[in-house]
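What follows is a single structure, written as structure tokens, with notes after it.
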Amino acid sequence: MAHPVFRPRRLREKPLLRKLVRETTLGVDDLLYPLFAVHGRGVREAIPSMPGQARLSVDELVKEVKDVAGMGIPGIVLFGLPAEKDPRGSEAYAEDGIVQQAVRAVKDVVPDLLVITDVCLCQYTSHGHCGLVEGGTVRNDPTLELIARVAVSHAEAGADMVAPSDMMDGRVGAIREGLDEAGYAETPIMAYSAKYASAFYGPFRDAADSAPQFGDRRSYQMDPANGVEAMREIALDLDEGADIVMVKPALPYLDVISRAKAEFGVPLAAYSVSGEYAMIRAAGRLGWLDEERAMLEALTGIRRAGADIVITYFARDVARLLERGGLGG
Ligand code: PBG
């Protein structure tokens, strides 16, 4: 009977030994928390397909961010729901737009918390697309100027970083130029570089009321079957001046995250999107899996794949869990 010389189980015997050789950490420092701002006062509207998340008016949002900052979460990603939609998404770049108001209020109350704004048109356009629509198609170049205006208006309101998610070609360059000309050369860009046309955005589109009114987003978001193309998208965004690049969604694209980290070695974010959150929450509620363990395993997997930053609706749950010492072992 031959005995194995190397026994990987030796290092799995004791919790502290496991901890000693653990390769990946998931810390509160790695997380960003997305929030949805709406007009009004005292509004806290639960989002049915994202249990635990709500649309918040600015006064409520301010309470929430104090909590978020107190937990040690470094920043939030802000989305807004406008009062009115129109074909050009005007409220997206209005000085008193909902995101602009929210940024000012948050910066007023918790100036150190990083406020990152999603830069896109889809919540603001009547047709629900991320760019200008002409003749039934989403036009690239005429959209760039508007996207740059959105980014500049966010920077003017005090955003620490802007995050374009529209997937128009050349938008990072257009935003960089716009920011530089407006005197915001120091404002970084976190580009949603490899953003796939994903079914996992479903709950978000309920939350943000941003579903396209005709067609879908496949003419601008990436084909889920493509990995090499994601590297090309990232390279383009870096050339145009992106400071942080992103892969989105996260769980079905761990290979893309891993490749991006290996090929570029730049700060990399992964967005664990609404559908990933909803799946774990729903199965947890049904008692079909252990929600806390599934949450930590999924987010740790995203870190192990190579993401430096994880954007997740679970950020507060993770922070609370880590605060009480994690799950042990
Ligand atoms: C806006 C945007 C979307 C998400 C982030 N920014 C939706 C979309 O592209 O349809 C999705 C986030 C999530 O599902 O959690 N373009």
Side-chain angles (χ1 to χ4, degrees), residues 31-37 47-55 76-82 85 89 91-93 98-99 116-125 127-133 138 140 143 146-147 150-151 154 161-169 171-172 175 189-224 233 244-253 269-282 295 298-299 302 307 309-315:
L31 307 177
L32 291 175
Y33 184 52
L35 282 168
F36 301 95
I47 303 164
S49 51
M50 300 173 71
Q53 307 302 312
R55 302 191 193 98
I76 58 170
V77 181
L78 261 185
F79 296 90
L81 284 91
K85 297 176 192 265
E91 210 184 299
Y93 40 90
I98 184 65
V99 165
I116 301 159
T117 54
D118 183 82
V119 172
C120 196
L121 296 180
C122 61
Q123 286 105 279
Y124 305 89
T125 50
H127 44 72
H129 278 289
C130 304
L132 282 178
V133 172
V138 178
N140 196 87
T143 302
L146 293 187
I147 290 291
V150 177
H154 291 174
M161 179 151 69
V162 293
S165 67
D166 55 292
M167 286 301 275
M168 297 300 120
D169 296 330
R171 91 274 206 216
V172 173
I175 290 174
I189 301 173
M190 175 166 74
Y192 289 70
S193 304
K195 178 175 176 181
Y196 288 88
S198 173
F200 291 95
Y201 306 151
F204 174 95
R205 290 182 191 170
D206 288 343
D209 186 28
S210 65
Q213 297 304 299
F214 68 90
D216 53 42
R217 301 210 203 291
R218 280 185 281 194
S219 77
Y220 43 104
Q221 298 181 347
M222 282 184 62
D223 183 337
E233 280 281 10
I244 299 176
V245 292
M246 193 198 299
V247 175
K248 175 188 176 190
L251 282 184
Y253 301 92
Y271 198 139
S272 185
V273 300
S274 56
E276 298 172 45
Y277 172 82
M279 283 196 298
I280 292 174
R281 271 272 194 262
M295 165 184 89
L299 299 175
I302 295 165
I309 302 162
V310 185
I311 304 170
T312 174
Y313 302 96
F314 280 123

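Counting convention: from 1, in listed order, for ligands and their atoms alike. Position 1 is the first residue of the sequence; numbering continues from there.
The distance between the ring centers of H129 and F214 falls below 6.0 angstrom. In summary, the aromatic rings of F314 and Y277 are positioned with their centroids under 6.0 Å apart.
A distance of 5.5 Å separates CG in L299 from OG in S272, rounded to the nearest 0.5 Å.
Taking the centre and axis of the six-membered ring of Y271, the NZ or CZ atom of K195 falls outside the cone set by 45° and 6.0 Å.
Closest heavy-atom contact between I98 and E91: N-OE2, 3.6 Å.
Within 4.0 Å of ligand 1, the residues that place a heavy atom are F79, D118, C120, C122, C130, S165, K195, F200, Y201, F204, R205, R217, Q221, K248, Y271, V273, S274, Y313, listed by chain and number.
Side chain to side chain, D118 and Y192 meet the donor-acceptor criterion of an N or O pair below 3.5 Å.
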